[in-house]
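Worksheet: one structure, shown below.
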Amino acid sequence: MDIIKERYSLISGRIKGIAKEAKTKERKNDPYYQAFGSIAEHYTEAMKLFDLLHKKGEFEKKSLEDLQGFFDTLYARIKPENYETSFENPSFAVKQLGATDGKFLSMLAFDSYNAVYSAADGNLERFTMNMELFVEVFCIYESALNHFNRKMALEAAFKEARKAYKSYMSDNVTFLVRGRVEEAYNPEKDCITAIARGDLSDLKYLYKYGEYITENELELAKFWNAMSEKKVKACADTYVDGYIRGFKTMNANFKENGIVILSYPIGFERMISYAIKRFEKIGIKVIGRRSSLASRTGRSGGAMPINLNGQFIYDHRNDSAFYIDKVYMDKLFAAEKKVVEENKAIFKLQNGPAVVEAFGAPDFVPANKKDCYKKTARQKMLELEHRGKYAQFMDEYMPAEETSFTIIAFPFTTIGKDFKKIFEETVKINTLDNALYTEIQSKIIAELDKGTSVHISGANGNETELTVQLWKLKDPEKETIFENCTADVNIPVGEVFTSPVLKGTNGLLHVSRVFLGGMEYKNLKVWFEDGRTTKLSCENFKTEKENQDFLKEYLLHNHEFLPLGEFAIGTNTTAFAMGEKYDIAAKLPILIAEKTGPHFAVGDTCYSQAEEHKVYNPDGKEIVARENEISALRKTDISKAYFQCHTDITIPYGEIGEIAVIKPDGNKTAIIKNGRFVLKGTEALNEPLEK
């Protein structure tokens, strides 16, 4: 540790010197020194963060206003009002430095934000390494900047710097992977839940994460702090009980001495503190992971809230294009195998994640910029291959059938002026009567089990015309096609779902507006032939190429096609009514939105990599539709069986013309017609719609 401290002392001094030099009269008009100086200043501020959080007494003597001012400075460059003229913005950097150096130095600026999380966590070694790489690159460029033939020297400097950067990523890949894995799965490395365990009465605690705290996080924390203990505990109990109940639903073994990963947005600590006590009371160890974007060198799950500047995250989403190739990806996978093997005892104890999501963040529609790094087709293929290999490898150490999960959602304060009312209705939705829905949904399943297919048609401008082919039952007395989904792994209650048969699943799926993975899709259309996507369109951007590139990256996840992995009928009309009442239907998270109409998931099935594991409905019938023709390929070539993605697309009730079960004799029975449930025994579901 003394060696790390010595390295830190040396490199911090060098970085302060770079920042100082950039301000001199000789350098202040040189765009290269301004870029390096700006990054150096940000590292200097990150050093102050390290001292603030880890030097005894420093944090305690700061006021809330002091902390707000410090973090305003730490994140000032990426605030929307400053971003257009900061080197963190690739477009500005390219304008100042040219395409080659501009993209590269903008990436270095992004890396300094990853380093913030090393500083926040007190990981001095990784923080020091981040800064050493930056200084190494600066030194390479420094000699070129003072060369008599600057243009030629800069070209050579870039090549040398690129080599140095790639060597850093390659040489340290095991170190970086070890940090990512241990911080994600090992409770001994947890630095998140300690915040939720502490004193939450003083809102200063929010700044211990090292993240930018917006008004949303402050107001959320105030809201939870003002709530009665009984109510907070009830919310926590719903969350924990759903998690525990999920193991019975998934027919999985709950490890009583195991580990649960808690993922939650900043501001929810009071509820999480009660959940931690519940889990630990029954012998479960917890590790915290915030619900935010992942960084490649920082903490797993660590990145600035998208509320601050989603465009910054979007602009740098493909920075890894700078260094990934076949050699690197092979080395990465070897490192992951090594690190996972080292931690196999920890993986045996994993019970799975318990996730709190939040909804109602400000709308974000990304702007495409030509100045950002873009991955080649070869790089995209390498990443897809790696994702598949890693998932299969991890399944050996943490089998899907031995874990479960739960997800629950609450609103952000940014949902609007009706936040408190929406929160109350969300709590109501999260605690609906399981028994009532189980009974109603069993009637829907009984009818669906009689069919060979289901036909879905749109209304009120929705152009959906889709036929979904169903699994054929061998023993209807003991088997069922659809799962009766209650409030356990997916809170709230309210859907029946299946894995469709691909052959014969044909038609068009259309949604006028939907948010998927935080991204808005306008007038989304997906065409299927034999259960595979054949064509997609949307109207997000001005040109067809931009729309197709967007769909390929975010909906298809760079695959050539995706199968229809799930078909479901949502029954939570109470949630739908809330969305309509407060005009927030488009902002509902998929967790809730999927319960507010029929939904269709492109990608893997809900039983991905656990198809052999038998699961049962509350009535004791085995759910046999756990695979499709593509996932069945695992038996002969597992590399062709999975896509490592699952994206739900929901049609709201108001856009449904009819959902009807097609019987073997060609007759049909409607489940929903003109946005209302018409099957006998389901009438109660219409009550919230009529109100």
Side-chain angles (χ1 to χ4, degrees), residues 121 173-194 197 239-264 272 275-291 294 299-301 332-355 386-407 488-489 604 606-616 626 631 634 638 641-642 644 646:
D121 290 347
V173 65
T174 301
F175 172 82
L176 295 172
V177 167
R178 182 175 290 114
R180 171 167 57 84
V181 168
E182 290 181 351
E183 289 165 8
Y185 295 101
N186 187 349
E188 301 301 320
K189 301 290 184 178
D190 177 37
C191 57
I192 299 297
T193 60
R197 297 171 194 269
Y239 171 57
V240 176
D241 290 341
Y243 182 77
I244 295 172
R245 210 166 39 240
F247 283 85
K248 182 177 180 181
T249 299
M250 301 291 286
N251 195 26
N253 293 322
F254 182 69
K255 306 174 188 75
E256 294 185 355
N257 63 337
I259 298 167
V260 57
I261 298 168
L262 304 183
S263 178
Y264 58 94
I272 293 300
I276 290 171
K277 291 173 185 175
R278 275 282 314 273
F279 280 120
E280 292 185 337
K281 189 174 182 180
I282 58 175
I284 301 299
K285 293 181 179 179
V286 300
I287 181 169
R289 189 189 300 174
R290 290 193 301 272
S291 299
R299 174 169 57 229
S300 176
L332 173 62
F333 186 57
E336 288 168 336
K337 289 178 71 174
K338 174 181 170 64
V339 171
V340 171
E341 175 64 26
E342 291 172 353
N343 290 275
K344 62 183 179 182
I346 292 173
F347 284 105
K348 287 182 179 178
L349 295 175
Q350 297 297 322
N351 272 317
V355 179
H386 172 264
R387 194 186 309 159
K389 286 195 303 181
Y390 183 69
Q392 292 160 26
F393 170 71
M394 284 297 294
D395 196 55
E396 297 176 21
Y397 288 84
M398 197 168 60
E401 64 268 20
E402 294 182 11
T403 63
S404 185
F405 65 93
T406 197
I407 311 177
D488 36 58
V489 297
D604 296 328
C606 296
Y607 306 98
S608 178
Q609 301 191 62
E611 292 89 348
E612 314 306 328
H613 185 63
K614 293 184 177 183
V615 286
Y616 301 86
R626 301 193 296 269
S631 63
R634 70 191 182 280
I638 196 169
Y642 303 111
Q644 313 307 327
H646 180 97

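Quick note: residue numbers are just sequence positions, from 1.
- For the pair Arg178 and Lys338, the minimum side-chain heavy-atom distance is below 4.5 Å.
- Tyr185 contributes atom OH, which lies 9.5 Å from atom CD1 of Ile287 (distance to the nearest 0.5 angstrom).
- For the atom pair Phe254 CZ and Arg245 CZ, the distance stands at 13.0 Å (nearest 0.5 Å).
- Using a 4.0 Å cut-off between charged side-chain N and carboxylate O, Glu336 and Lys389 make no salt bridge.
- Note: Arg197 CZ to Lys277 NZ = 10.5 Å, rounded to the nearest 0.5 Å.
- Residues Tyr243 and Ser404 share a closest heavy-atom pair of CE1-O, 4.4 Å.
- To the nearest 0.5 Å, atom NZ of residue Lys348 and atom OH of residue Tyr397 are 9.5 Å apart.
- Between Tyr642 and Ser608, the shortest heavy-atom distance links the atoms CD2-OG, 3.4 Å.
- Considering all non-hydrogen atoms of both residues, Arg626 and His613 come closest at NE-O, 3.3 Å.
- Looking at heavy atoms from C-beta onward, Val181 lies in side-chain contact with Phe347 at the 4.5 angstrom threshold.
- Using a 4.5 Å heavy-atom cutoff, the side chains of Arg278 and Asp241 are in contact.
- Classification of the Phe333-His386 ring pair by plane angle, with boundaries at 30° and 60°, yields perpendicular.
- The one candidate from Ile276, Val260, Ile244, Ile259 that meets the side chain to side chain contact (heavy atoms under 4.5 Å, CB included) condition with Ile284 is Val260.
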field: Derivation of the side-chain contact (heavy atoms from CB on, under 4.5 Å) call for Phe279 and Val240
entry: CA-CA 8 Å; Phe279 280 120; Val240 176; 3.8 Å; yes

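- Rounding to the nearest 0.5 Å gives a distance of 5.5 Å between NZ of Lys285 and CD of Glu188.
- Asn351 places a side-chain heavy atom less than 4.5 Å from the side chain of Phe247.
- When side chains are defined from C-beta on, Ile272 does not count as touching Thr193, because their heavy atoms never get closer than 4.5 Å.
- The local environment of NZ in Lys255 is crowded, with over 12 non-hydrogen atoms from other residues, nucleotides or ligands closer than 6.0 Å.
- Annotation: the span from Ser631 atom OG to Ile638 atom CD1 amounts to 10.5 Å, rounded to 0.5 Å.
- With hydrogens and angles ignored, the 3.5 Å screen pairs a side-chain donor or acceptor of Asp604 with a backbone N or O of Gln644.
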